[in-house]
Peer 1: 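Take this structure first; my questions come after.
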Amino acid sequence: MALLADYSVAATPGRGVLEVYDADAYLGDSAAIDAAEQQVVAGNGYHLYLLNLQPAIEVQVTVRIWDTVPEVPAEAEGHVPVSIESETGILVVNQLEFGPAGEMSLPRPGVYEGHTWWSGRQAAADHYGSYLDQDTEDWTFEQTRSYLTQCPAHERYVLDLAYTRGPESLDEDEADL
């Protein structure tokens, strides 16, 4: 199995959600967000939502494109199968409250399938919870930032994907819109 592309970015999960989507996919999907609440990561074909347990500590989002998707590593705390279609060949990693964290050019437009796995999710949430338990009323922004960045766990989400087919073409009625 060969790694064809690899992209990582740090992102802040404002409101506890991060998105990965095709550069032309603009509308969100509340049903997919609801599904992510149950299974951590869910999507609608063009969007993937990564549900975090905390809204303030940066997490690492990695998208890896393989010729064949590897097995989920032993250190993963959880994983789910995923699929995402990119008509543009560009995936965006978005922070709900702060805008795009970055974007990745795929080897080619199309449908990519595989799995998403994560680690450090609960530990980062526990660290954020310990911050909330503090008497922080008189803390400066720098003190808060320092406390949150000293999180002993590194929350990480990895999308291991492989190209499966070309993008769905628009039918004539959709193309006229």
Side-chain angles (χ1 to χ4, degrees), residues 5-23 25-65 70-84 86 90-105 114-161:
D6 187 3
Y7 175 75
S8 286
V9 65
T12 303
R15 289 186 262 156
V17 179
L18 293 170
E19 293 179 283
V20 177
Y21 57 86
D22 177 64
Y26 298 108
L27 297 176
D29 184 335
S30 59
I33 292 174
D34 291 344
E37 289 179 6
Q38 301 300 311
Q39 59 192 46
V40 181
V41 178
N44 63 4
Y46 295 95
H47 278 88
L48 288 174
Y49 296 96
L50 293 69
L51 191 73
N52 311 97
L53 297 174
Q54 54 82 26
I57 300 171
E58 279 190 346
V59 304
Q60 192 72 26
V61 178
T62 301
V63 180
R64 300 187 299 199
I65 308 300
E71 294 294 320
V72 175
E75 73 265 15
E77 293 173 2
H79 62 92
V80 295
V82 294
S83 175
I84 191 164
S86 177
I90 298 172
L91 292 180
V92 176
V93 176
N94 189 46
Q95 309 164 106
L96 238 49
E97 291 185 351
F98 308 109
E103 62 182 43
M104 173 193 190
S105 293
H115 51 255
T116 299
W117 59 271
W118 54 90
S119 62
R121 184 173 185 261
Q122 185 61 55
D126 292 345
H127 185 74
Y128 182 73
S130 72
Y131 163 74
L132 295 177
D133 291 341
Q134 305 281 328
D135 181 12
T136 60
E137 187 174 312
D138 294 330
W139 283 25
T140 65
F141 173 78
E142 289 77 22
Q143 287 172 305
T144 297
R145 183 172 165 222
S146 175
Y147 188 87
L148 293 176
T149 58
Q150 291 177 23
C151 181
H154 298 286
E155 188 172 0
R156 177 179 184 205
Y157 297 82
V158 178
L159 287 73
D160 281 327
L161 305 170

Peer 1: D29 and Y49: side-chain donor and acceptor closer than 3.5 Å?
Peer 2: no
Peer 1: On a heavy-atom basis, which atom in A35 and which in A42 lie closest, and how many Å separate them?
Peer 2: CB-CB, 3.6 Å
Peer 1: Count the heavy atoms of every other residue, nucleotide or ligand shown that sit under 6.0 Å from CD of Q38, and state whether that count exceeds 12.
Peer 2: no
Peer 1: Could you state the interatomic distance from CG (L159) to CH2 (W118), rounded to the nearest 0.5 Å?
Peer 2: 10.5 Å
Peer 1: When you compare the side chain of E155 with that of I57, does any pair of heavy atoms fall below 4.5 Å?
Peer 2: no
Peer 1: With a 4.0 Å cut-off on N to O distance, would you call R64 and D6 a salt bridge?
Peer 2: no
Peer 1: Can you tell if the side chain of P55 reaches within under 4.5 Å of the side chain of Y128, non-hydrogen atoms only?
Peer 2: yes
Peer 1: Atom CG of D34 and atom CD of Q39: how far apart are they, to the nearest 0.5 Å?
Peer 2: 11.0 Å
Peer 1: Report yes or no: does R121 contribute a side-chain atom to a donor-acceptor pair with the main-chain N or O of Y157 at less than 3.5 Å?
Peer 2: no
Peer 1: How about N52 and L18: do any of their side-chain heavy atoms sit closer than 4.5 Å?
Peer 2: yes
Peer 1: We want to know whether E142 and S146 form a side-chain donor-acceptor pair, criterion being a heavy-atom distance below 3.5 angstrom.
Peer 2: no
Peer 1: Would you name the heavy atoms of L148 and A56 that are closest together and state the gap between them?
Peer 2: CD1-CB, 3.8 Å
Peer 1: Judged by atom type as modelled, is there a donor-acceptor pair below 3.5 Å linking the side chain of N44 to the main-chain atoms of Y46?
Peer 2: yes
Peer 1: Specify the closest pair of heavy atoms between A10 and A101, including all atoms of both residues, with the distance to one decimal.
Peer 2: O-CB, 3.8 Å
Peer 1: Please give me the minimum heavy-atom distance between M104 and I65, naming the atom from each residue.
Peer 2: CE-CG1, 3.8 Å
Peer 1: So do the side chains of W117 and E75 get within less than 4.5 Å of each other, counting heavy atoms only?
Peer 2: yes
Peer 1: To the nearest 0.5 angstrom, please state how far the NE2 atom of H47 sits from the CG atom of L91.
Peer 2: 11.0 Å
Peer 1: Minimum heavy-atom separation for N94 and G99, please, with both atom names.
Peer 2: OD1-C, 2.9 Å
Peer 1: Is the closest side-chain heavy-atom distance between V63 and L161 below 4.5 Å?
Peer 2: yes
Peer 1: Evaluate side chain to side chain contact (heavy atoms under 4.5 Å, CB included) for V40 paired with V80, printing each intermediate quantity in order.
Peer 2: CA-CA 8 Å; V40 181; V80 295; 5.8 Å; no
Peer 1: In terms of heavy-atom contacts, does CD of E71 have more than 12 from other residues, nucleotides or ligands at under 6.0 Å?
Peer 2: no
Peer 1: Checking the side chain of Q143 only, and the main-chain atoms of T140 only, is there a donor and an acceptor separated by less than 3.5 Å?
Peer 2: yes
Peer 1: Let's go through H127 and Y147 carefully: what are the C-alpha distance in whole Å and the side-chain angles of both, what is the deciding distance for side chain to side chain contact (heavy atoms under 4.5 Å, CB included) to 0.1 Å, and is it a yes or a no?
Peer 2: CA-CA 9 Å; H127 185 74; Y147 188 87; 3.8 Å; yes
Peer 1: So does G129 get a backbone contact from the side chain of Q54, meaning a donor-acceptor N/O pair under 3.5 Å?
Peer 2: no
Peer 1: Would the number of heavy atoms belonging to other residues, nucleotides or ligands and lying under 6.0 Å from NE2 of H79 be above 12?
Peer 2: no
Peer 1: Shortest non-hydrogen contact from L48 to S83?
Peer 2: CD2-O, 4.0 Å
Peer 1: Can you tell if the side chain of T144 reaches within under 4.5 Å of the side chain of Y131, non-hydrogen atoms only?
Peer 2: yes
Peer 1: Between D126 and Q122, is a side chain to side chain donor-acceptor pair (under 3.5 Å) present by the stated rule, with each step listed?
Peer 2: CA-CA 6 Å; D126 292 345; Q122 185 61 55; 2.8 Å; yes
